[in-house]
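Each remark here refers to the structure printed beneath this line.
Everything numeric in this text was worked out from a predicted model, so none of it was measured.
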Amino acid sequence: MLNECMSIFENYAGGNVDKLILDNYIPANGFYLILEETETGFQKKEQHEIILDKKTRELNITFAERVYISRLDYHSSLVDMNKPVDSKKIIQSNNYLSFWIKQESLSNGKLNHEIIDGYYEILADPYMKYSKGRNKELYQMVEDEIGPVNQQKLMKVKQWVKENIFQLNELSGKDYLKIFFLCDGVSIEQEGKRYLVPNLFNKNDYNIRVDGDIYGLPNENMGLNSKKPYLENKNRKYTVPMLLRTSDSMKRKKFFDYLWGLACKGYYNVYFDSRGKVVPLEPKAAPREDLTGYFLRIRKDKNEAAILDMDTVNFYQPKLKTPFLFDNILNLDTKKLEGHRYGNNSYLYDICDIVNTEIFSNFLLGNFYNEPSDISCNNDGVIKENILLARNRLFNWFFKGCTNDLAELMEKVSVNLIQNTISNGYMEKVQHQFNAYISVLEYLKGGKVKMAYIMEEVRGSIRDKINQRSHVQAESDEEYYYAAGQLIRYFISLNKSKNKIHSLFNPFLTIKKDELLKLRLEDLFKKYNYGIDVTSPRFNNIYTMITHYVPKGSINHTFLIAGYISNNLIYEKKEENDNE
């Protein structure tokens with residue numbers, strides 16, 4: 001699958017992979033000094049204090065400046081910090097036309113003339129570093145292509161560094177100081193390649209030569225060593241998990257360099273469309289266009305892009321075949337609907353937004369790939385538990401278009417979260433949460449009968465019955481459980497505490513048998529009957545409806561919750577009732 005993504009990437013680049021990489025490259029924060037060669041030494045051409053805005057992911061330099069600096073920076077960077085030129089890792093560039101250090105190294109004593117001499121000594125004679133066997137073989141290959149090191153240019157650069165670097169001691173902190181030297185007759189690309197080829201593979205001890213080509217273990221997202229024997233392929237004599245020829249490994253590195261640039265810009269969801277394009281998106285942004293091909297979820301991991309998830313995408317379509325109706329199931333007042341997305345919604349990302357905002361209280365989208373210990377949800381254990389329970393399948397729905405068997409999952413997590421919201425006393429919030437839950441459930445089940453109509457009929461029937469003077473009875477399970485929810489809310493409202501404890505409703509959500517429901521209602525009646533007017537027809541009628549009805553099916557928690565969180569009919573004003 002990765003090979004298919006790489007192929008799409010190369011076609012998308014149109015033969016200019018480096019340009020695509022540099023267009024998305026983000027240089028690290030720091031002070032950048034660019035010097036150009038003169039007859040007597042070097043003079044300053046330009047300098048920049050580069051800062052990345054963490055919110056906007058924008059640099060404080062122009063696009064042209066970024067592209068120019070990115071080229072110098074990209075070809076001077078280490079493959080990773082375990083493969084430095086300077087064994088002390090104080091100097092972090094890879095060739096003599098660049099010199100990188102942390103600014104604090106100028107003042108804390110870590111950078112000294114001995115380290116500088118050692119850095120340029122290796123660059124002047126790379127065979128000191130690549131002296132044996134397979135390391136030497138790779139370096140010899142690149143030197144045969146680009147020629148030996150230009151000793152005159154190297155010594156000229158070294159002289160400037162030794163004479164001037166400590167004059168920059170006003171710089172401090174953990175940001176970088178990066179100096180680049182522009183010299184006639186040599187290029188930073190070729191000097192960067194002098195470092196890159198011998199360090200391209202994970203470990204050159206694994207390299208083999210086949211028919212004149214060198215094959216090795218690629219370095220990207222790979223850490224094969226004595227501590228990770230599980231990565232080995234034990235099914236064959238040569239247990240290295242995979243081998244690529246040098247040219248293919250170079251293509252793989254450039255692909256991961258491109259992903260690294262995307263990750264640095266905050267694009268963690270990357271779609272490789274088989275029709276020849278790459279669509280990178282921010283973590284919370286679902287696609288806005290039809291896609292078919294492959295999906296990668298990446299993250300910025302030290303100095304490379306780590307792939308967290310990889311999957312096929314079979315014709316993702318953001319436009320819904322049937323619009324999603326976020327329905328006002330509970331018939332809330334129009335003013336309460338402001339700021340919410342009630343009504344018809346035409347795109348999958350609309351459903352994503354509603355599920356995240358209404359059902360998961362804005363905590364789902366930011367936690368799809370967080371480690372359990374890093375999930376951010378205001379330390380609410382119930383929200384965290386249900387994010388972990390649902391996030392994989394919801395991500396597959398919203399970002400890959402897979403809707404298989406979601407109804408049962410949505411019902412379970414929604415009821416859990418509604419119960420939690422009630423326990424925390426957010427009674428207006430739970431009304432929108434319930435509306436979203438039922439709307440999503442209806443959409444997933446493809447039901448033609450809208451719950452809003454059923455709920456309105458049930459509520460109207462109960463209203464009519466409890467305002468009568470004659471004997472009344474429930475006519476359906478839906479009426480019965482809605483009325484039970486209303487009665488529970490009425491009992492809790494009689495509590496003399498300043499703050500009503502809605503967690504008293506929680507035990508009713510775990511009830512499995514109707515007999516227990518009636519017993520708990522009886523307990524509440526005994527507890528709060530001191531505050532009930534014996535002549536109240538509404539209370540007497542609703543309690544009669546419940547005590548005399550035997551439900552035909554299992555407990556209907558949906559209507560029980562709906563009755564509890566809806567405006568209470570026992571308290572409804574007479575003129576309001578007449579108007580309705």
Side-chain angles (χ1 to χ4, degrees), residues 1 54-55 57 220-223 227-231 259-260 262-271 280-287 295-313 348-349 351-424 426 429-430 433 436-437 440 444 503 506 509-510:
M1 191 181 301
K54 293 182 179 180
K55 291 184 178 179
R57 313 303 299 178
E220 295 74 31
N221 279 207
M222 181 62 65
K227 296 180 180 179
K228 298 179 180 179
Y230 52 84
L231 291 176
L259 295 182
W260 168 254
L262 295 181
C264 289
K265 294 171 73 173
Y267 296 124
Y268 295 161
N269 296 332
V270 190
Y271 295 83
L281 297 171
E282 294 179 347
K284 297 182 181 181
F295 166 83
L296 297 185
R297 173 72 179 207
I298 63 175
R299 76 175 177 204
K300 187 179 176 183
D301 190 11
K302 293 184 179 179
N303 60 345
E304 71 171 353
I307 297 177
L308 304 183
D309 185 17
M310 182 187 303
D311 206 350
T312 57
V313 176
L348 183 54
Y349 49 79
I351 305 180
C352 177
D353 182 64
I354 290 167
V355 169
N356 174 61
T357 304
E358 305 293 354
I359 297 179
F360 283 89
S361 304
N362 274 319
F363 291 118
L364 177 65
L365 285 180
N367 288 303
F368 271 126
Y369 280 90
N370 284 350
E371 293 295 328
S373 59
D374 296 329
I375 287 179
S376 173
C377 56
N378 287 345
N379 295 319
D380 191 312
V382 175
I383 294 178
K384 179 178 180 178
E385 179 183 349
N386 285 277
I387 287 173
L388 291 171
L389 181 63
R391 64 180 182 176
N392 288 343
R393 289 170 67 185
L394 289 180
F395 188 90
N396 288 342
W397 180 21
F398 299 136
F399 292 84
K400 302 176 188 176
C402 304
T403 59
N404 297 336
D405 302 322
L406 275 169
E408 184 178 345
L409 173 70
M410 283 305 302
E411 187 166 13
K412 181 175 182 178
V413 299
S414 296
V415 170
N416 290 343
L417 293 169
I418 287 169
Q419 177 181 345
N420 185 55
T421 306
I422 293 172
S423 299
N424 291 324
Y426 303 131
K429 175 183 175 181
V430 79
Q433 193 174 33
Y437 151 54
V440 170
L444 291 172
S503 59
N506 288 350
L509 291 172
T510 58

Would you please name every residue forming a side-chain hydrogen bond (donor to acceptor under 3.5 Å, both in side chains) with Tyr268, sequence neighbours left out? none
Quick check: closest heavy atoms across Leu281 and Ala286, and the distance to 0.1 Å? CD1-C, 4.0 Å
What is the distance from atom CD1 of Ile307 to atom CD1 of Ile298, rounded to the nearest 0.5 Å? 8.0 Å
If I take atom SG from residue Cys352 and atom CG from residue Leu394, how far apart are they, to the nearest 0.5 angstrom? 8.5 Å
With under 30° as parallel and over 60° as perpendicular, where do the rings of Phe295 and Tyr271 fit, or are they tilted in between? tilted
Contact list for residues 403-412, test salt bridge (Lys or Arg N to Asp or Glu O under 4.0 Å), sequence neighbours left out: none
Is Asn269 reaching over with its side chain to a backbone N or O of Arg297, donor-acceptor style, under 3.5 angstrom? no
Measure the OG1-CE distance between Thr312 and Met1 for me, rounded to the nearest 0.5 Å. 5.5 Å
Just wondering, do Glu385 and Asn416 contact through their side chains at under 4.5 Å, heavy atoms? no
side-chain hydrogen bond (donor to acceptor under 3.5 Å, both in side chains) partners of Ser414, counting only residues at least two apart: none
Could you tell me if the side chain of Leu409 sits less than 4.5 Å from the side chain of Trp397, heavy atoms only? no
Qualifying residues under side-chain contact (heavy atoms from CB on, under 4.5 Å), relative to Asn392, sequence neighbours excluded: none
According to side-chain contact (heavy atoms from CB on, under 4.5 Å), who are the partners of Asp380, at least two apart in sequence or on a separate chain? Val382, Ile383, Asn420, Asn424
Within-4.5 Å side-chain heavy-atom neighbours: Arg393 and Asn404: no
Would you please name every residue forming a ring pair (Phe, Tyr, Trp, His ring centres under 6.0 Å) with Tyr369, sequence neighbours left out? Phe395
Listed by chain and number, what are the side-chain hydrogen bond (donor to acceptor under 3.5 Å, both in side chains) partners of Lys265, not counting sequence neighbours? Asn24
Which heavy atom of Ile387 sits nearest to which heavy atom of Phe363, and what is that distance? CD1-O, 3.4 Å
Closest non-hydrogen atoms of Gly266 and Pro283, given as atom of the first, atom of the second and distance, are O-CD, 3.2 Å
My understanding is that only residues two or more places apart in sequence, or in another chain, count here; which of them pass side-chain contact (heavy atoms from CB on, under 4.5 Å) with Leu388? Pro372, Ile375, Lys384, Arg391
Within this structure, what is the CG-CZ distance for the pair Asp311 and Phe399, rounded to the nearest 0.5 Å? 14.0 Å
What's the separation between atom CG in Asn386 and atom CD1 in Ile359, rounded to the nearest 0.5 Å? 11.0 Å
Looking at Cys264, is its backbone amide N or carbonyl O close enough to the side chain of Arg57 to form a donor-acceptor pair, meaning the two atoms are under 3.5 Å apart? yes
Are the side chains of Asn356 and Phe398 in contact, using a 4.5 Å heavy-atom criterion? no
Quick one: side-chain contact (heavy atoms from CB on, under 4.5 Å) partners of Lys284, sequence neighbours excluded? Leu365
CG of Leu296 to CG of Asp309: how many Å apart, nearest 0.5 Å? 8.5 Å
Results of side-chain hydrogen bond (donor to acceptor under 3.5 Å, both in side chains) for Tyr267 - residues two or more places apart only: none
Give me each pair satisfying salt bridge (Lys or Arg N to Asp or Glu O under 4.0 Å) with a member in residues 353-363, each pair once, sequence neighbours excluded. Arg341-Asp353
